[in-house]
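Have a look at the structure below, then the notes.
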Number of protein chains: 2
Amino acid sequence: MADVNFVADASDPEASSSAPPIAEPLTREAIPEVALIELLFFAYRDFVSDPDAVLEDFGFGRAHHRVVHFVNRNPGIRVADLLDILKITKQSLGRVLKELVDTGFVEQRPGPVDRRQRLLYPTQKGRALAERLIEPQARRIAAALDALDPKERAGAEHFLRLVVDPADRDAVARLTAR
Amino acid sequence: MADVNFVADASDPEASSSAPPIAEPLTREAIPEVALIELLFFAYRDFVSDPDAVLEDFGFGRAHHRVVHFVNRNPGIRVADLLDILKITKQSLGRVLKELVDTGFVEQRPGPVDRRQRLLYPTQKGRALAERLIEPQARRIAAALDALDPKERAGAEHFLRLVVDPADRDAVARLTAR
DNA sequence: GAAATATGTCAATATGGCTGACGTAAATTT
DNA sequence: AAATTTACGTCAGCCATATTGACATATTTC
């Protein structure tokens, strides 16, 4: 006689009392892209954690990092353009930007031609912070590129550009060109 | 006579009253890796926004997405292993997981050999949700891969694997193998 | 039997997003 | 010149997701 008790069995969870859960994994047989989907998650997860130690020293978070980075990459950027890069609301940006201005990492200047604008510039302090934040990330990326041949490197860059929304690709190309 | 007023000048912000901000951008002359750093940001930004519409229909957030995804990819996963993938604390996972269990997307079963464990399985509902969430992402990745030749595709995958922390690469390789 | 392990839970807190409403100054349109 | 639009800021409240720290429980291991 078979075991009448409900003995749990990892290979056969349907044997238990209630409605059967699923034991078979979603695999790349069904979704061939799943490995790259997860690699993007894992790569990004580790990549963004690099600057955390530096940020903690300054009492800043990852939102501050993003603002400091793009202001340093685009001195004189308009608030609206920064919002478009980050894809957040002005209220969300507001707090973070105010802190960076108050602590002297970012400076605001009225636009010379359109004085409604408040153009954002890094201070010397802000530039130094941006350089400290990018350093571990650059090291990580450089180490990865070192292991690739030129064709593979081109593939990596090309792939990432194609993952970006088509509507934003030109803007991204311009931002990353300098 | 030169203009004695403080006329702002985008090309020369030092001309203004206070300490000079920096007008020169951080460029890839100084940091060659900066384009790839930003591409990782832009690609991830758009990539994770794909499932948002679906999530909203269910009243879930991105944290739920991550849990549903990895439980479907690894039915019977231990809580500790899921935490290791997500790199968050058990308290953070707790609420999200509880909601998914309460609403019938994930099921917990005691480990058959070690009954302290609560192994996580997707329900039929959970599997269906995972498939709906991955669909737009798979489409995006497939479209990108379509435009690459095999060597470039290998480069993209290889690059992402190398961006992962060395200590986690084996685990990531195992997770993405099936 | 004691210790270690796997997990859960309670509580407080921080961060970073959001919506909506309203205000102000400057530029543009009529 | 008045009206409208634009660029930006701010106030207020809310939500999602993360954190640390402490403690509880069941189970396994030594």
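Since the structure is predicted, the reported quantities are computational estimates derived from the model, not experimental observations. Proteins get letters first, then strands, A, B, ... in listed order; numbering begins at 1 in each.
- Aromatic ring pairs are classed by plane angle as parallel below 30°, tilted from 30° to 60° and perpendicular above 60°; the pair A:Phe60 and A:Phe58 is parallel.
- Annotation: B:Lys98, atom NZ; neighbour count of heavy atoms from other residues, nucleotides and ligands within 6.0 Å does not exceed 12.
- Here the P atom of nucleotide D:dT17 and the CG atom of B:Leu83 are 16 Å apart, to the nearest Å.
- Contact of A:Gln91 with D:dG13 (side chain to base): no donor-acceptor pair of N or O atoms is detected under 3.5 Å.
- One can place CD1 of B:Ile88 at 12 Å from P of C:dG8, the figure rounded to the nearest angstrom.
- Grouping the Ile, Leu, Val, Met, Phe, Trp and Tyr side chains by contacts below 4.5 angstrom, directly or via other members, places A:Ile88 with B:Phe42.
- The distance from atom CZ of B:Arg78 to atom C1' of D:dT27 is 14 Å, rounded to the nearest whole Å.
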Sugar-phosphate means primed atoms, P, OP1 and OP2; the rest is base. With that split, encode nucleotides 23-30 of chain C 5' to 3' as B, S or - using protein heavy atoms under 4.0 Å.
---BS---
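- Note: CD (B:Gln108) to P (C:dA6) measures 16 Å, nearest angstrom.
- In this structure, A:Glu56 places its CD atom 14 Å from P of C:dA14, rounding to the nearest Å.
- A salt bridge does not link B:Glu99 with B:Arg95: none of the charged nitrogens is closer than 4.0 Å to a carboxylate oxygen.
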Contacts under 3.5 angstrom, residues 70-83 of chain B side chains, donor-acceptor by atom type, not counting sequence neighbours:
residue: B:Asn72; atom: OD1; partner: B:Arg127; partner atom: NE; Å: 2.7
residue: B:Asn72; atom: ND2; partner: B:Val68; partner atom: O; Å: 2.9
residue: B:Asn72; atom: ND2; partner: B:Gly126; partner atom: O; Å: 3.2
residue: B:Arg73; atom: NE; partner: A:Glu38; partner atom: OE2; Å: 2.8
residue: B:Arg73; atom: NH1; partner: A:Leu26; partner atom: O; Å: 2.9
residue: B:Arg73; atom: NH1; partner: B:Arg178; partner atom: O; Å: 3.3
residue: B:Arg73; atom: NH2; partner: A:Glu38; partner atom: OE1; Å: 3.2
residue: B:Arg73; atom: NH2; partner: B:Leu175; partner atom: O; Å: 3.0
residue: B:Asn74; atom: ND2; partner: B:Phe70; partner atom: O; Å: 3.0
residue: B:Arg78; atom: NE; partner: B:Asp81; partner atom: OD2; Å: 3.3
residue: B:Arg78; atom: NH2; partner: B:Asp81; partner atom: OD1; Å: 3.2

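- A distance of 5.0 Å separates CG of B:Leu55 from CG of B:Leu133, quoted to the nearest 0.5 Å.
- Regarding A:Leu93, its CG atom lies at a distance of 8 Å from the P atom of D:dG9, rounded to whole Å.
- Among D:dC8, C:dC18, D:dT20, the nucleotide with an atom closest to any side-chain atom of A:Ser92 is C:dC18.
- Comparing atom distances between the B:Arg95 side chain and each of D:dA7, D:dT17, D:dT20 picks out D:dT17 as nearest.
- In this structure, B:Asp57 CG and B:Arg132 CZ are separated by 6.0 Å, a value rounded to the nearest 0.5 Å.
- Between B:Leu100 atom CG and D:dA16 atom P the separation is 13 Å, expressed in whole Å.
- For B:Thr89 and D:dA18, the shortest distance from a side-chain N or O to OP1 or OP2 is not below 4.0 Å.
- Computed from coordinates, the A:Leu82 CG to D:dG9 P distance equals 10 Å when rounded to whole Å.
- Proximity of residues 59-68 of chain B to DNA chain D (heavy atom under 4.0 angstrom from any strand atom) is restricted to B:Gly61, B:Arg62, B:Ala63, B:His64, B:Arg66.
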